[in-house]
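The structure appears right after this line, and notes come after that.
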Amino acid sequence: MPADFNWAIGGEAGDGIDSTGKIFAQALSRAGRHVFTSKDFASRIRGGYTAYKVRTAIDPVQSVVDRLDVLIALTQRTIDENLDELHEGSVIIYDGDRSTMADVEIPEGMIGLDVPLKALAEEAGGAIMRNVVALGAACAVADFPIENLDSALKKRFGGKGEAIVENNKKAARAGLEYVHEEFDYEFDYDLETTDNDYVLINGDQAIGMGAIAAGCRFYAGYPITPATDVMEYLTGRIERYGGHVVQAEDELAAINLALGAARAGARSMTATSGPGIDLMAETFGLVATSETPLVIVDVMRSGPSTGMPTKQEQGDLNMMLYGGHGEIPRFVVAPTSISECFWKTVEAFNMAEKYQVPVYVAADLAMAVTEQTFAPEVFDMDKVEIDRGKVVDEDSIDEWLDEKGRFQPHALTDDGISPRAFPGTEQGAHMSTGLEHDELGRRTEDREMRVEQVDKRERKVETAKSSEDLSPREFGDADSDTLILSWGSNEGALVEALDFLEEDGIDVRFLSVPYMFPRPDLTEDIEAADEVIVVECNATGQFANVVEHDTLTRVKRINKYDGVRFKADELAEQIKATLDAEEVSA
Amino acid sequence: MSSDVRFTDFKSDKQPTWCPGCGDFGTMNGIMKALANSGTDPDNTFVVAGIGCSGKIGTYMHSYAIHGVHGRSLPVAAGVKLANPNLTVVAAGGDGDGYSIGAGHFIHAVRRNVDMAYTVMDNRIYGLTKGQASPTSREDFETSTTPDGPQQPPVNPHALALAAGGTFIAQSFATDHKRHAEIVQAAIEHDGFGFVNVFSPCVTFNDVDTYDYFRDNLVDLADTDHDPTDYDAAKEKILDSSKEYEGIIYQDESSVSYEEKFGVTENMSDIPSGAPDDAMDLVREFY
């Protein structure tokens, strides 16, 4: 029996794929199994192929692989789309009565289970429950105790009344019993359960949760795939803590609302995807030059322009590092996993206020919309610390007043960081502007002051480099001559790829870099290695380029930009191929 | 807040660079008087401006202020107010800022009805870029970029505001000092979005919409039997393009501000030094 089990449901958008997948994932998680989900969806509401995949194991899983053991196919296309991942013995559950599946073609060597999903659902109380019948059938195939499905069904349908929950339980059992009674197969799976308590969370939700934990009280955003979950999470929750979410008229309004709230002293955030970052660019410059602490989340998707809204890419690094006219420090932190989406968001708020800079949180679709199980302690709230930086009050403001008693919000300091006075602070009244300004915040074109203010802002970067721990996360064999570098959501797939490589006797060292600016100095690590490979989901190697720039060393690259995230087994093959190519050329 | 605040307390020691005779002087003085009369003080006041001549207003005033980017003063002001509802917030902009590049924000700010005042210094021309047509320029107003006039009807900001559900819609004239300050104060004290279009003549580039023109053509609604709480009467005045009106054109006295509606009442700058006490509940939701 394989250590992990891979399951999917696929059909047309509008078939209830997402909620069905979620119920199954939740049932597995509540049964103490690790779960990693991924979604394959098209940019439309009804029609078009969509799938929800679940990988589960007793040991932690943190990526997807190229294999499907059980597939619930609501359309023929579901089978066709997943042909590469299906294998000899894969089980396909379908409803032969469904018009689109009447002449279904089950590939050779695979097991087709024709289950009358709709008919069984109707018997249980309504055709709408046909996907739940399929879940019951899947439980039969996977030997997964169906009782574990019950609490997930209760969570999903509890709000609609006990009768609906009971009907769904009945529907699930009808699917289970049908498989047991009608088919005579010995399936190769046994999804055992444990007593472990897990939570199942996606990256966008982790970002929202991190924001609340960090004291974010104001959020303004405009709905955009794949960042919308952040706003949906915060709505209805942030109010419990005295906060508020505004759905703005556009991204320009969103960042300006967030800027206003930040100037008023709130921890403030906006989240969007690449096209929204484009629109925010002008105000981004104002945020930076007025030295306003603000967290801006970019959940990257395929670009440019509208690109592929529902597909993965890490193509916005250059924009976050360099976007906007003029020159200004901005920090870019990049979570490397779903749990890091939480912790890096907390950190982003502290960095924003400590250094009075805009901080980008560079997330991406692959981690934003997929869920993973964690022990709740991974999000230990007692470990959240809030550092508001140099905030002055009535008692401490004196030191920052000039000879005329005026507050100096852009005072020239050794560490580059000036005092902040929240509105309402006596004697703190001051002006902020996007114009170059003096220490009082007043417009100036004085050559000397211009240079002093630019240098002051740049000094913050040096201060951060010397006081923040910017270390990468390290995996694999520390002594290996082969060094893999990556950023963002590729971490999980790479960590699992290391296992595949180890099986082949290949040991590598992997550094997953969560800080894009300021960045850790990787020079020594690179000089110590014979081979350096930078892995990222874009075509031009944006991170590889900055690594080369920083370390004056050429690196190898593995780039993927077809809209699909890296899979662990596929990545292992590519790393091997890159290393082999090197041997051949040597 | 102290009761002995004078309007000069809102003045900074920076000398304005507006052209001598510019309407913006009167506009600004009126705003400062309105603020002082409304009982706030500089440390509890936030002024938000866009760019252009009008955008300089925050520099010449003394309060918490931000000089933002072109056309975006309204969302910034709303963000300030929602984050700290104790502040008195005034957004100031020009006709290009408010009705052209920021027109989208204008309509949505009106709809949102956040408790703040919005004063637009309307000179019917672009001044700081040296005399191009603005969205309120007359159809036949000849400028460097519109030699035959814009050939498009001017924007009617009051009609936009009324259509968007505006709860306080007014107009004033920069040199009618007392009246202008009164109207702005009423906008500040209105429970919701107080919108005042201020005729603020550009003496350098606009030789049509001059002080004399407004003096000769302005009808003060206070001198008529206009009832600002009468929606239909307001609509009639707003759609009457044959006259220029001064005064409160429309006020919905039952207006409920955004903050009140959504219960946004706390100063959001006050947060604990760690995660909220019950934050693990947020994690447990994901069981």
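Bear in mind that the values here come from a model prediction, so they are computed numbers and not experimental data.
- Sorted by first then second residue, the side-chain hydrogen bond (donor to acceptor under 3.5 Å, both in side chains) pairs that include residues 246-257 of chain A, not counting sequence neighbours, are A:Glu249-B:His105, A:Glu249-B:Arg112, A:Asn256-A:Thr283.
- Defined by atom type and a distance below 3.5 Å, a donor-acceptor pair is present between the side-chain atoms of B:Asn113 and B:Ser255.
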Please determine whether salt bridge (charged side-chain N to carboxylate O under 4.0 Å, His left out) holds for the pair A:Glu353 and A:Arg420, giving the CA-CA distance in whole Å, both sets of side-chain angles, and the decisive distance to 0.1 Å. CA-CA 9 Å; A:Glu353 292 205 319; A:Arg420 287 172 79 202; 3.3 Å; yes

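- Every residue meeting the ring-ring contact (aromatic ring centres under 6.0 Å, His included) condition with A:His244, not counting sequence neighbours, appears here in chain and number order: B:Tyr258, B:Phe262.
- Of the two parts of A:Thr425, the backbone and the side chain both hold a non-hydrogen atom closer than 4.5 Å to a non-hydrogen atom of chain B.
- With respect to B:Ser200, the side chain to side chain donor-acceptor pair (under 3.5 Å) criterion is satisfied by exactly one of B:Asp122, B:Thr119, B:Asp24, B:Asn123: B:Asp24.
- Ranked by non-hydrogen atom pairs under 4.5 Å with chain B, the options A:Leu259, A:Asp380, A:Leu252 are led by A:Leu252.
- For chain B, the nearby part of A:Tyr198 is the backbone; its heavy atoms alone come within less than 4.5 Å.
- Residue A:Leu440: no heavy atom, backbone or side chain, is found under 4.5 Å from chain B.
- For B:Val264, the part lying near chain A is the side chain, with the backbone staying farther off; criterion is any non-hydrogen pair under 4.5 Å.
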Could you check B:Asp95 against B:Ser100 for side chain to side chain contact (heavy atoms under 4.5 Å, CB included), going step by step and ending with a plain yes or no? CA-CA 7 Å; B:Asp95 37 321; B:Ser100 203; over 6 Å; no

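- If you measure heavy-atom distances from A:Tyr233 to chain B, the contacts under 4.5 Å come from the side chain alone.
- Proximity to chain B is limited to the backbone of A:Val245, based on heavy atoms less than 4.5 angstrom apart.
- Contact annotation for A:Glu282: both backbone and side-chain heavy atoms come within less than 4.5 Å of a heavy atom of chain B.
- Highest contact tally toward chain A, considering only B:Lys81, B:His108, B:Arg111, is held by B:His108 [criterion: heavy-atom pairs under 4.5 Å].
- Annotation: side-chain hydrogen bond (donor to acceptor under 3.5 Å, both in side chains) contacts of B:Asn37 (sequence neighbours excluded): none.
- Taking the six-membered ring wherever Trp is involved, the centroid distance between the rings of B:Phe195 and B:Phe106 falls below 6.0 Å.
- The distance between the ring centers of B:Phe193 and B:Phe168 does not fall below 6.0 angstrom.
- The choice from B:Ala275, B:Ala109, B:Ala83 that makes the most heavy-atom pairs within less than 4.5 Å of chain A is B:Ala275.
- At a 4.5 Å heavy-atom cutoff, the contact between A:Lys404 and chain B is made by side-chain atoms alone.
- Heavy-atom pairs under 4.5 Å with chain B were tallied for A:Phe407, A:Phe374, A:Phe342, A:Phe422; the largest tally goes to A:Phe422.
- A:Arg240 touches chain B through its side chain: at least one heavy atom from C-beta onward sits under 4.5 Å away, while N, CA, C and O do not.
- Residue-level contacts of residues 56-71 of chain B with chain A, in order of numbering, are B:Lys56, B:Gly58, B:Thr59, B:His62, B:Ser63, B:Tyr64, B:Ala65, B:Ile66, B:His67, B:Gly68, B:Val69, B:His70; threshold 4.5 Å between heavy atoms.
- In terms of non-hydrogen atom pairs under 4.5 Å with chain B, the most contact-rich of A:Val246, A:Thr292, A:Val378, A:Val391 is A:Val246.
- For CD of A:Glu426, the number of neighbouring non-hydrogen atoms (other residues, nucleotides, ligands) closer than 6.0 Å is 12 at most.
- Checking B:Thr129 against B:Gln132 by side-chain atom types alone, a donor-acceptor pair falls below 3.5 Å.
- Contact of A:Ala258 with chain B is not made at all, since no heavy-atom distance falls under 4.5 Å.
- For B:Ser38 and B:Gln185, the side-chain atoms include no donor-acceptor pair closer than 3.5 Å.
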Report the C-alpha separation of A:Ile296 and A:Ile255 in whole Å, then their side-chain angles, then the decisive distance to 0.1 Å, and conclude whether the side chain to side chain contact (heavy atoms under 4.5 Å, CB included) test is met. CA-CA 8 Å; A:Ile296 303 165; A:Ile255 190 170; 3.9 Å; yes

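- Counting heavy-atom pairs under 4.5 Å between each of A:Glu385, A:Lys155, A:Arg267, A:Arg443 and chain B puts A:Lys155 at the top.
- Between chain B and the residues A:Ala253, A:Gly242, A:Gly215, the most heavy-atom pairs under 4.5 angstrom are made by A:Ala253.
- Looking at B:Asp13, both its backbone and its side chain come within 4.5 Å of chain A, counting heavy atoms on both sides.
- Heavy atoms of A:Ala206 lying under 4.5 Å from chain B are absent altogether.
- No other option in A:Ser290, A:Gly434, A:Ala421 has as many heavy-atom pairs under 4.5 Å with chain B as A:Ala421.
- Closest approach of B:Val196 and B:Ala187 over heavy atoms only: CG2-CB, 3.6 Å.
- The existence of a salt bridge linking A:Arg30 and A:Asp197 is excluded, since no basic side-chain nitrogen approaches an acidic carboxylate oxygen closer than 4.0 Å.
- Within a 6.0 Å radius of OH in A:Tyr222, other residues, nucleotides and ligands contribute 12 heavy atoms or fewer.
- Heavy atoms of B:Phe46 lying under 4.5 Å from chain A belong exclusively to its side chain.
- Proximity to chain B is limited to the side chain of A:Leu286, based on heavy atoms less than 4.5 angstrom apart.
- Looking only at atom types and distance, the side chain of A:Asn202 has no donor-acceptor partner in the side chain of A:Asp204 under 3.5 Å away.
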